[in-house]
Amino acid sequence: MAFASPGVKLHMEFKKEFLEKLHTAKKIIFFTGAGISAESGISTFRGKDGIWNKMKPEELANFNAFMRNPDLVWEWYQHRRDIVHKAQPNAGHTAIAKLEKFLDVSVVTQNIDNLHRRAGSTKIFELHGNIERNFCVDCRTFYNMPELELTHGVPKCKKCGGLVRPDVVWFGEMLPQDQFAGGEKAAEQSDICFVVGTSAIVYPAAYIPMSAKQAGSFIVEINIEPTELTRYADYSLFGKAGEILPEILDIVK
Ligand code: OAD
Ligand code: ZN
């Protein structure tokens, strides 16, 4: 395991090994979490300014809370949508998108902020949903954000009048099976797996880098601090995703 310090050129040893891997690597996967969007101004969940320090997940991010007080939960997601809409993809998201020109890249993300897509990535598995999509809790009709007439409080389904909720995974809910299965397959087939800006403690999402590891993929973590995954990683590069990922792009191109 070797480390790069923030703000300096990537460690020579890592660079050498990464270049060697690139000779034969066919598929690369990026497993991302809230930390990749931190430099876009979107709060992470844990840590000192984390969302879960200020908000109780059981009052907002679960189905019972929504049924008890749909307007409150909807309002909170509207607030998060406003933040996401004002945010722009950062140099980290953009570097991953640009890598598609050179390599077979899959993105498996825990983020709901849609920033990978806005940055131009095309092969994305969204394990926790997407804040731009919504669906009716009664008939499961899907609504994209602009289609919803935003009246005060939670919108109602145009077909059946049911409550419309954001298509995000709440506590106690299953992950979208197609997205998880697709992400797991991409992990198992990958030659190199970057794990970026995630505490890697929320399961089942955190099985993704473990599947890659078990399949023999080269695991490279990018984070500002050590995580649960650090001991499994071949390399941990400590620094900001928005600074390190462009350096990775420079090595590849
Ligand atoms: P966390 O908030 O748990 O972790 C964010 C990680 O990003 C931490 O390890 C930070 O050290 C790191 N980080 C912060 N800024 C960074 C930067 N500029 N560059 C690189 N790394 C940085 O967020 P997640 O791991 O995404 O689930 O959390 C996983 C899940 O827990 C979320 O998807 C959400 C939450 O409950 C659901 O809502 C279902
Ligand atoms: Zn409906």
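Position 1 is the first residue of the sequence; numbering continues from there. Each ligand, and each atom within it, is numbered from 1 in the order the structure gives.
- Rounding to the nearest 10°, we obtain 100° for the angle at the Zn ion (ligand 2) between Cys160 SG and Cys136 SG.
- The contact shell of ligand 1, taken as protein residues with any non-hydrogen atom closer than 4.0 angstrom, comprises Gly33, Ala34, Gly35, Ala38, Glu39, Thr44, Phe45, Arg46, Trp52, Gln110, His128, Val169, Phe171, Gly197, Thr198, Ser199, Val202, Asn223, Ile224, Glu225, Thr227, Gly239, Lys240, Ala241.
- Between Phe30 and Phe194, the ring planes lie parallel to each other; the angle is under 30°, not in the 30° to 60° tilted range.
- In terms of modelled atom types and a separation under 3.5 Å, the side chain of Asn223 and the main chain of Glu225 share a donor-acceptor contact.
- In this pair, Tyr77 and Trp170 present their aromatic rings tilted. The plane angle is within the 30 to 60° band.
- Under a cutoff of 6.0 Å and an axis angle of 45°, Lys21 and Phe218 form a cation-pi pair.
- Taking the six-membered ring where the residue is Trp, Tyr203 and Tyr207 present perpendicular rings, their angle passing 60° and hence far from 30°.
- Considering Thr109, Leu115, Thr44, Ile96 as possible partners of Ile36, the one that fulfils the side-chain contact (heavy atoms from CB on, under 4.5 Å) test is Ile96.
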